[in-house]
Student: 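If you scroll down you'll find the structure; I have some questions about it.
Order of the sequence lines fixes the chain letters, A, B, ..., with proteins taken first and strands second; residue numbering starts at 1 for each chain.
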Amino acid sequence: MDYSKTVNLPKTDFPMRANLNTRELEIIKYWDEINLYQKLIDKNKNNNPYILHDGPPYANGNIHIGHALNKILKDIIVKYKCMRGFYTPFVPGWDCHGMPIEHKVIELLGAKHKQMQKKEIRDECKKYALKHIEIQKKDFIRLGCIGEWENPYLTLDPVYESAIIEMFGELVEKGYIYKGLKPVHWCFHCETALADAEVEYDNHSSSSIYVRFKIKNKNNLDLPDNTYFIIWTTTPWTLPANVAIALHPEFVYNLVLAANNYYIIVDDLTENVAKRISADFKIIKQYKGSELEKIICSHPFIDRDSVIINADYVTKDTGTGAVHIAPGHGEEDFIAGKIYKLPTISPVDNQGKFTNEFSDCKGINVFDANKLIINKLKQSNDLIGDPETIEHQYPHCWRCKNPIIFRATHQWFLKVDHLNLRKKILDCIDNNVNWIPNWGKDRISAMVKLRPDWCLSRQRIWGVPIPVMYCKNCQEVLISKKCIDYFKNLVEKYGVDSWFTMTASELLPPDTKCEKCGSAEFEKETDILDVWFDSGASHIAVLEKREYLSSPADLYLEGSDQHRGWFQLSLIPSYATRGRAPFKSVLTHGFVVDESGKKMSKSEGNVVSPQDIINKYGSDILRLWTSYEDYRNDVSIGGDIINRIVESYKKIRNTMRFLISNLYDFNRQNDYVEYDKLLEMDKWTLAKLYELNEKITSAYNEFKFHTIYHSIYNFCIKELSSFYLDILKERLYLSGSSSIERRAAQTVLFELLKAITKMIAPILSFTAEEIGKFYPQIKNNNESSIFENEWVELNPKFQNIDLIKKWQMILDIRSDVLKALEITRKTKNINHSLESRIIIWCKIENLYSELLKIKDELRSVFICSDLIINNYEENENNDNFDYNGDFAAVVVQKLETKKCSRCWKYKENTDTDSNYPNICKECIDIIKQYYK
RNA sequence: GGGCCAUUAGCUCAGUCGGUUAGAGCACUGUGCUGAUAACGCAGGGGUCCGCCGUUCGAUUCGGCGAUGGCCCA
């Protein structure tokens with residue numbers, strides 16, 4: 001007889017090698033065919049919603065690893081919540097307007113763009129954005145992310161654009177919007193404002209001068225009348241805009257007598273500066289910077305006060321420790337000016353020439369005026385020492401390469417303190433939003449606390465216009481809810497392009513007149529809105545406008561850079577217009593860094609592209625990676641890490657494959673064995689599975705995906721592969737194929753396969769679906785997708801803490817037995833454990849009698865041919881153990897009996913029946929019963 | 001320069017509400033099996049818990065300073 005026909009070896013076509021890169025494509029096609037996303041939405045449409053609102057990536061370039069991390073994390077949550085029965089519409093979005101696209105398009109157009117109309121350039125930008133959206137969309141779908149991909153939200157959609165206008169209108173109505181001055185980078189060759197990204201730093205030579213300001217009002221300090229502050233500057237032309245001098249509040253300043261006058265100079269630089277006046281100087285007295293605040297000086301050549309203020313950013317490595325402040329010509333100066341309510345003076349026109357405001361140099365270019373101003377200072381004797389020429393890094397225009405200036409211009413702002421908004425937002429951050437991790441609260445609070453008013457206007461082309469007009473006759477601003485609403489309706493139909501294609505009167509309600517002069521002629525504002533205003537309107541444009549969504553969202557999930565970005569800039573207008581945050585919870589993830597923790601950059605050559613990983617290994621590898629590390633901190637990736645992920649993927653896959661391969665002849669209807677008839681170790685495994693599920697489920701609820709990875713992976717290795725499944729092979733292969741012992745084992749395998757497949761489904765989506773398709777019995781009603789199934793449901797009977805405790809002791813004993821086996825492998829020439837008889841002396845109190853009850857089961861646990869159990873307490877003067885462990889003393893005997901060629905055990909009763917040569921009695925019985 | 005975050009074995013993570021020899025899996029080394037086989041099992045080695053100072057009888061854990069790396073700002 002061919003005994004091999006009586007051995008139930010595992011059987012399956014489920015491939016050991018995943019070939020994910022090709023198999024995943026088939027699964028994506030399948031999802032598309034069955035319209036998986038719609039199915040899932042429909043299934044739960046009457047249930048509680050869970051809205052994860054997608055933050056829009058910028059529609060530029062291919063997706064990078066950070067995008068992949070972000071979208072996969074979102075997808076894991078959406079899928080999990082969906083399996084929990086929540087209604088989970090997920091609408092992906094893209095941020096379409098803005099400088100980077102405009103920049104790129106102009107670069108591609110070359111000189112041609114100068115002859116083009118704004119509308120034509122905008123069309124090119126739109127084309128560019130749409131093209132990249134398609135590229136990125138394909139990649140996101142390839143990652144296995146589900147969502148409304150055929151109808152995503154785009155910030156360039158007319159419906160979206162109209163919501164931006166609507167939000168702006170509401171802010172206008174409530175009084176948040178005002179026009180004010182702000183310094184910006186300005187190129188007077190191109191006559192345009194430049195964004196930070198358009199500024200290049202290059203060498204430039206400037207005149208460096210020291211200038212004295214005489215004290216006019218001592219603010220009750222005991223100072224001589226002829227006392228001066230000295231400032232140092234490399235931009236003499238900004239002196240006409242000087243309104244203050246900043247000192248560091250903590251620095252020590254000396255009152256110095258030199259050449260019959262008194263000067264105030266920071267301690268560390270006193271010698272350096274005083275020498276310029278006279279080699280002979282004397283320190284009279286010292287003051288802290290904070291004491292000198294509010295002293296008033298006279299401007300050296302203009303009839304204007306210059307007030308002493310305090311600022312933390314003052315340094316003492318160069319200059320004098322007293323910094324010339326011109327809020328019209330510097331960012332920091334401007335902020336200091338805001339704090340001290342100083343005027344913003346900027347007497348310079350678009351061409352970089354002085355205006356009437358500084359009539360001495362009227363019509364003269366600022367750089368040319370440097371000399372004239374220095375001469376003026378010489379004349380008034382306020383120049384300290386001689387001017388010097390220095391080479392330093394200075395901002396230049398990216399386009400014309402000429403040096404640029406900082407110049408105050410009129411800009412539109414959102415007033416953050418209007419109607420006590422800032423305080424209310426801080427309160428909302430504190431009490432009404434759940435920040436995960438918790439420190440996110442402190443981070444965004446600190447930003448909101450200190451942020452200046454939001455400058456909304458940009459002097460660009462590719463964006464949403466600021467819907468404001470100016471009277472052609474008297475220049476009065478026309479900014480009203482009524483006009484904005486009128487425009488909004490046009491935008492719904494024609495998009496914001498109408499602002500560029502239609503005339504002012506077409507864009508205004510009929511009969512609109514200037515409130516000041518009554519004229520009906522208007523000019524359109526040419527500025528557009530900051531792109532952050534676009535994405536900050538998404539909660540209105542998407543959550544409110546799409547009737548199947550709702551606001552506030554349950555969750556926003558982005559990188560931690562968005563505390564300053566999208567989270568804050570959604571929160572501000574949302575609170576201003578709706579009186580609440582647009583999100584209930586905000587979850588942040590860290591950044592992707594290389595294997596040594598360094599940021600990725602082209603120049604370092606450490607950039608990892610998601611496309612490469614997908615093509616080489618598959619999306620599930622990338623998805624597994626997102627759960628491998630704790631994403632709340634930075635996550636690293638590189639070749640070694642990917643290799644490890646691939647290895648652990650194989651382990652999980654092989655474990656699942658083993659389960660499947662032993663269930664080939666199992667029918668859940670007929671063969672499922674009821675719980676009470678299972679063996680103890682079966683119940684133990686189900687109890688461990690129950691424990692695992694509790695752990696996994698709460699980890700999903702708390703978004704701790706790395707805990708899920710570690711738990712499942714460890715479960716596969718420790719509980720299953722090296723223990724339960726290893727032991728189970730004997731029962732699966734050698735018991736009668738339809739015996740209750742084997743069916744009991746299969747019942748457990750079935751429960752394991754069903755539960756683990758669901759547990760991994762949100763993460764290893766492709767693999768879970770593949771398993772579901774291959775072994776459809778694990779799906780409750782033979783649904784077309786594993787994701788249509790409810791979350792893991794386990795029989796409450798599986799929970800069994802006492803059994804886990806008891807079997808922990810058995811595991812401890814097993815570990816002593818394994819050590820003994822390892823020793824005897826060498827000393828007694830034992831190779832396979834089945835060659836042995838194991839004799840144990842149990843050392844654990846009260847366990848001995850329990851062990852006797854399950855002796856047969858324990859024999860299989862130790863995978864030996866014979867087991868003898870003794871109580872260590874009853875052991876008399878025997879110390880001849882192979883291993884004497886903490887839990888058991890063990891002797892391993894090598895059996896010289898014949899090996900049964902069916903079950904491979906070594907037993908006395910082998911080869912005793914000539915009808916069944918070479919096999920043991922137990923095997924003969926089984927063959928007689930099951931394989932006649 | 002400022003705000004926030006991180007730092008435990010080669011890697012990814014546990015953990016210690018301050019208390020004996022700090023854990024897991026992987027990787028590594030050795031080894032067994034050949035009925036999960038481009039699989040599976042077993043055993044072993046490996047850590048100044050980033051550094052310094054302080055609080056304490058006692059610190060990897062608490063506090064301060066610093067280093068390195070990250071994000072945001074200047």
Student: OP1, OP2 of B:G41 versus side-chain N and O of A:Lys651: anything below 4.0 Å?
Tutor: yes

Student: When the nearest nucleotide of RNA chain B is assigned to A:Ser722 and to A:Arg17 on a heavy-atom basis, which residue is associated with the more 5' position?
Tutor: A:Arg17

Student: List the steps, then state whether salt bridge (Lys or Arg N to Asp or Glu O under 4.0 Å) holds for A:Lys905 with A:Glu730.
Tutor: CA-CA 10 Å; A:Lys905 291 191 201 75; A:Glu730 179 184 318; 3.4 Å; yes

Student: Is a donor-acceptor contact shorter than 3.5 angstrom present between the side chain of A:Ser721 and the base of B:A36?
Tutor: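 When only heavy-atom distances are counted, A:Ser721 does reach the base of B:A36 through a donor-acceptor pair under 3.5 Å.
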
Student: Determine the interatomic distance between C1' on B:U48 and the same-named atom on B:C57; round to the nearest Å.
Tutor: 22 Å

Student: Could you walk me through whether A:Tyr631 and A:His706 pass ring-ring contact (aromatic ring centres under 6.0 Å, His included), step by step?
Tutor: CA-CA 8 Å; A:Tyr631 66 84; A:His706 69 287; 7.8 Å; no

Student: Dot-bracket for RNA chain B: what is it, with Watson-Crick or G-U pairs under 3.5 Å, [ ] where a pair crosses earlier ones, and | for a pair to another strand?
Tutor: (((((((..((((.....[...)))).(((((.......))))).....(((((..]....)))))))))))).

Student: In whole Å, what separates the P atom of B:C13 from that of B:C50?
Tutor: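 Nearest-Å result for B:C13 against B:C50 at atom P: 15 Å.
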
Student: For A:Arg632 and B:C13, give me the distance from atom CZ to atom P, rounded to whole Å.
Tutor: 10 Å

Student: Quantified in whole Å, what is the P atom distance between nucleotide B:U56 and nucleotide B:A14?
Tutor: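 Roughly 33 Å separates the two P atoms.
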
Student: Stacking here means centres under 5.5 Å and planes under 30°; does A:Trp904 stack on B:G35?
Tutor: yes

Student: For a quick test of reading the model: is some side-chain N or O of A:Arg657 closer than 4.0 Å to OP1 or OP2 of B:U37?
Tutor: yes

Student: I'd like the P distance from B:G45 over to B:A22, given in whole Å.
Tutor: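 That atom pair is separated by 14 Å.
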
Student: Between A:Tyr556 and A:Trp566 (judged by ring centroids, cut-off 6.0 Å), do the two rings come close enough to count as a pair?
Tutor: yes

Student: Out of curiosity, A:Leu732 CG to A:Leu749 CG, how far, rounded to the nearest 0.5 Å?
Tutor: 5.5 Å

Student: If I take atom OG from residue A:Ser815 and atom CD1 from residue A:Ile810, how far apart are they, to the nearest 0.5 angstrom?
Tutor: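 Reported to 0.5 Å precision, the distance equals 13.5 Å.
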
Student: The side chain of A:Met16 is closest to which nucleotide in this list: B:A74, B:C40, B:A38?
Tutor: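 Of all the options, the side chain of A:Met16 is nearest to B:A38.
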
Student: Tell me whether the OP1 or OP2 atom of B:A36 has a side-chain N or O from A:Lys729 closer than 4.0 Å.
Tutor: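 For B:A36, OP1 or OP2 has a side-chain N or O of A:Lys729 closer than 4.0 Å.
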
Student: How many whole angstroms separate atom CG of A:Asn714 from atom P of B:G15?
Tutor: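 It is 14 Å, rounded to the nearest whole Å.
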
Student: Rounded to the Å, how far apart are A:Ile823 CD1 and B:G32 P?
Tutor: 16 Å

Student: If the threshold is 4.0 Å, N to carboxylate O, is there a salt bridge linking A:Glu835 and A:Lys894?
Tutor: yes

Student: For B:G23 and B:U8, measure between their C1' atoms and round to the nearest Å.
Tutor: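 Looking at atom C1' only, B:G23 and B:U8 are 10 Å apart.
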
Student: Using a cut-off of 4.0 Å on non-hydrogen atoms, how would the nucleic acid contact of A:Lys819 be classed: base, sugar-phosphate, or nothing?
Tutor: sugar-phosphate

Student: Could you state the CG-C1' distance from A:Asn643 to B:A27, rounded to the nearest angstrom?
Tutor: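 My rounded result for the distance is 11 Å.
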
Student: Counting the atoms with a prime plus P, OP1 and OP2 as sugar-phosphate, which does A:Ile863 contact under 4.0 Å by heavy atoms, base, sugar-phosphate, or nothing?
Tutor: nothing

Student: Measuring from A:Ile642:CD1 to A:Ile637:CD1, what's the distance to the nearest 0.5 Å?
Tutor: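 The CD1 atom of A:Ile642 sits 4.0 Å away from the CD1 atom of A:Ile637.
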
Student: Closer than 4.0 angstrom, basic N to acidic O: yes or no for A:Glu922 and A:Arg902?
Tutor: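 Here A:Glu922 does not pair with A:Arg902 in a salt bridge, since their nearest N and O are not under 4.0 Å apart.
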
Student: A:Tyr649 and side chain to side chain donor-acceptor pair (under 3.5 Å): which single residue from A:Asn654, A:Thr767, A:Asp620 fits?
Tutor: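 For A:Tyr649, the side chain to side chain donor-acceptor pair (under 3.5 Å) test succeeds with only one of A:Asn654, A:Thr767, A:Asp620, which is A:Thr767.
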
Student: Whole Å only: how far is the CE atom of A:Met656 from the C1' atom of B:A39?
Tutor: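 Result: 17 Å.
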
Student: Within a 6.0 Å radius of atom NZ on A:Lys695, are there more than 12 heavy atoms belonging to other residues, nucleotides or ligands?
Tutor: no

Student: What does A:Ser901 touch in the nucleic acid at a heavy-atom separation under 4.0 angstrom: a base, only the sugar-phosphate, or nothing?
Tutor: base

Student: Quick one: on RNA chain B, does A:Leu9 or A:Asp442 contact a more 5' nucleotide (nearest heavy atom)?
Tutor: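 Upstream on the strand: A:Asp442.
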
Student: Evaluate the ring planes of A:Trp684 and A:Phe723, with Trp represented by its six-membered ring, and classify them as parallel (under 30°), tilted (30 to 60°) or perpendicular (over 60°).
Tutor: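 Rings of A:Trp684 and A:Phe723: perpendicular, over 60°.
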
Student: Closest to the A:Lys718 side chain: B:A24, B:C5, B:U37?
Tutor: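 Minimum distance to the A:Lys718 side chain belongs to B:A24.
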
Student: Heavy atoms only, 4.0 Å cut-off, all strands: where does A:Arg902 land among base, sugar-phosphate and nothing?
Tutor: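 Base: the residue A:Arg902, judged by heavy atoms under 4.0 Å, touches a nucleobase.
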
Student: Separation of A:Asp726 atom CG from B:U34 atom C1', in whole Å?
Tutor: 13 Å

Student: Using atom C1' in both nucleotides, what's the gap between B:A27 and B:G47 to the nearest angstrom?
Tutor: 16 Å

Student: What integer number of Å spans the C1' atoms of B:C40 and B:G35?
Tutor: 11 Å

Student: When you check the gap from the basic side-chain N to the acidic O, do A:Asp726 and A:Lys729 get nearer than 4.0 Å?
Tutor: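 Result for this pair is yes, salt bridge flagged.
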
Student: Rounded to the nearest 0.5 Å, what separation is found between the CG atom of A:Leu69 and the CG atom of A:Leu622?
Tutor: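 A:Leu69 atom CG to A:Leu622 atom CG measures 8.5 Å (nearest 0.5 Å).
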
Student: Between P on B:C13 and NZ on A:Lys695, what's the gap in Å once rounded to a whole number?
Tutor: 15 Å

Student: Summarise protein proximity over nucleotides 65-72 of chain B in one line of letters, 5' to 3': B for base, S for sugar-phosphate only, - for none, counting protein heavy atoms closer than 4.0 Å.
Tutor: ----SSBS

Student: May I ask you to say whether A:Glu331 pairs ionically with A:Lys182, meaning some side-chain N is under 4.0 Å from a carboxylate O?
Tutor: yes

Student: What residues, two or more places apart in sequence or in another chain, satisfy side-chain hydrogen bond (donor to acceptor under 3.5 Å, both in side chains) together with A:Tyr709?
Tutor: A:Ser648

Student: If the P atom of B:G44 is compared with that of B:C52, how far apart are they to the nearest Å?
Tutor: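 It comes out at 33 Å once rounded to the nearest Å.
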
Student: Please write out the pairs of protein N or O atoms and N or O atoms of nucleotides 9-12 of chain B separated by less than 3.5 Å, giving the distance to one decimal.
Tutor:
| unit_1 | atom_1 | unit_2 | atom_2 | d |
| --- | --- | --- | --- | --- |
| B:C11 | O2' | A:Tyr628 | OH | 3.3 |
| B:C11 | O2' | A:Arg644 | NH1 | 3.4 |
| B:U12 | OP1 | A:Ser636 | OG | 3.3 |
| B:U12 | O4' | A:Tyr628 | OH | 3.0 |
| B:U12 | O2' | A:Tyr628 | O | 2.6 |
| B:U12 | O2' | A:His710 | NE2 | 3.3 |

Student: Nearest-Å distance, NZ (A:Lys449) to P (B:C4)?
Tutor: 11 Å

Student: Salt bridge check, A:Arg825 against A:Glu822: does any charged N sit closer than 4.0 Å to a carboxylate O?
Tutor: yes

Student: Once side chain to side chain contact (heavy atoms under 4.5 Å, CB included) is applied, do any residues pair with A:Tyr340, and if so which ones, sequence neighbours excluded?
Tutor: A:Glu293, A:Ile309, A:Asn310, A:Leu342

Student: Check RNA chain B against residues 825-840 of chain A and give the residues with a non-hydrogen atom under 4.0 Å, in numerical order.
Tutor: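 Nucleic-acid contacts, sorted: A:Arg825, A:Asn831, A:His832.
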
